[in-house]
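Keep in mind it's a predicted model, so treat the numbers as computed, not measured.
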Amino acid sequence: MQSAAFSLPSPSSHPYLKPRNFASNPTFYPIRGVSKGRDFSDSTNAISIPSFPKRSWSLSSSSPLPLRAWTSAPSLSKPSPLHLRATAAENAGEAGKSGSLLKTLELGLLFGLWYIFNIYFNIYNKQVLNAFHYPITVTAIQFAVGTILVTIMWTFNLYKRPKINGAQLAAILPLAVVHTLGNLFTNMSLGKVAVSFTHTIKAMEPFFSVVLSAMFLGELPTLWVVASLVPIVGGVALASVTEASFNWAGFWTAMASNLTNQSRNVLSKKVMVNKEESMDNITLFSIITIMSLILLAPVAIFTEGVKFTPAYLQSAVSTLNELRV
C-alpha cells in the first residue's frame, strides 16, 4: 500500500508567493497627509497610491472643443431660453426704433399738411371776405360745413360716434363759446387788414398760452421760456409799427383771437384731465364745431340778416372772380 505525500513548496521557492518587503522597496513613496497638525509620513501603515494624470479644464477661446464638467452636450435643435430672450429683446428694440421713426415722420407730415392747408385757407378766406363783407355769416357757414362733414363721418361710421351726457355738454359749452369767438375774431381781422399782418399778430399765441396756463392751471414758466417770449413780443411790436395796412380794428380783433384761441386750449386741457369722462381730440373738436354752429347761426341771422338773395350772390360771385384774376 502506497502512501501519498503532499508537500507544499516554500515561499522562497515560488516567485509569486515571495513576501514583499515594503520597507526595502526603493519605489515606494508614502503619502504625506497633514490633518490638524498631525504628520502621517512616519506611519508604518502608509499606503502607496499610484499617481493619476492631472486634468486641466480650459475655458479659453483658443480651445477648439471647450469641455464642461459633468454636463451633456448642448442640443443644436433647441435654442436655449437665454438665447430666445436675447433675440426677443433685440427684436423688440428694433421694433421700438422703427415705431418711433414712423411716429416722427407722421408728425412731420401732419405739420406740413397743416401749414399748407392753413395758407390756402387764409388766402381764400381773405378773397371771400373782400367780396362778402359779413364775417359773422362767413364764420357761421364755415361751422356749417364742418358740421356736415362731422355728420357724414358719424353716419357712415368713418369715426366712432360718441355717447355724450348732459354733464359733458355743460363742460364743453365754454370751449364752444371761446372757439366760436376765436374763429369770428380771426375772420374779422382778415377782413380789416392784410393776411400777413393778421398772422403776425397771431404769432403772439405762445405769450397768451403761457400767461393763461399760469393763471388757470398753475403752470409757472421757466426763465428760458420767458426769455424766448421776448423776441416774439418785440417782433410783433416792430411789425405793427411798420405795417402799411395797420388799423386798430384789425389789430385788436387779432389780439382777441389770440386770447380766445388760447383760452380754448387751456380749457380743453382742463376738460381732458378727467380720464373717466375724457374724449379724444377728434370727438371733442367735432362736438365743439356743432355747438359753435348752434351758437353763431342765430347771431349771424339777427345781426347781418340773410344775404343769399340771387342778385346779391351773383354780385358776390362776380366780385370774387375779379379778385381771383
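V193 and I119 fall into different hydrophobic clusters, where Ile, Leu, Val, Met, Phe, Trp and Tyr side chains are chained together by heavy-atom contacts under 4.5 Å.
Annotation: salt bridge (Lys or Arg N to Asp or Glu O under 4.0 Å) contacts involving residues 214-236, sequence neighbours excluded, comprise E219-K269. Sorted by first then second residue, the salt bridge (Lys or Arg N to Asp or Glu O under 4.0 Å) pairs that include residues 192-205, not counting sequence neighbours, are K202-E205.
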Evaluate the criterion ring-ring contact (aromatic ring centres under 6.0 Å, His included) for residue pair W248 and F246; output intermediate values, then yes/no.
-> CA-CA 7 Å; W248 287 106; F246 177 85; 5.1 Å; yes
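Checking side-chain atoms of S228 against main-chain N and O of V225 turns up a donor-acceptor pair under 3.5 Å. A distance-only check finds a donor-acceptor pair linking the side chain of N261 to the backbone of S257 [under 3.5 Å]. Looking only at distances, a side-chain donor or acceptor of T253 sits under 3.5 Å from a matching main-chain atom of A249.
Using a 3.5 Å distance cut-off with no hydrogens or angles, the side chains of D280 and Y159 do pair a donor with an acceptor. Residues T147 and T289 have side chains that never bring a donor and an acceptor to within less than 3.5 angstrom of each other. Using modelled atom types, one finds no donor on one side chain facing an acceptor on the other under 3.5 Å when comparing N130 with Q127. Residues T139 and N183 bring no donor and acceptor atom of their side chains to less than 3.5 Å of each other.
Classified by interplanar angle (parallel below 30°, tilted 30° to 60°, perpendicular above 60°), the ring pair Y124/Y120 is parallel. Between F285 and H179, the two ring planes are perpendicular [angle over 60°; tilted spans 30° to 60°].
Scanning both residues, A194 and E243, for their nearest heavy atoms gives CB-OE2, 4.3 Å.
Not a single ring pair (Phe, Tyr, Trp, His ring centres under 6.0 Å) links F208 to another residue, sequence neighbours left out.
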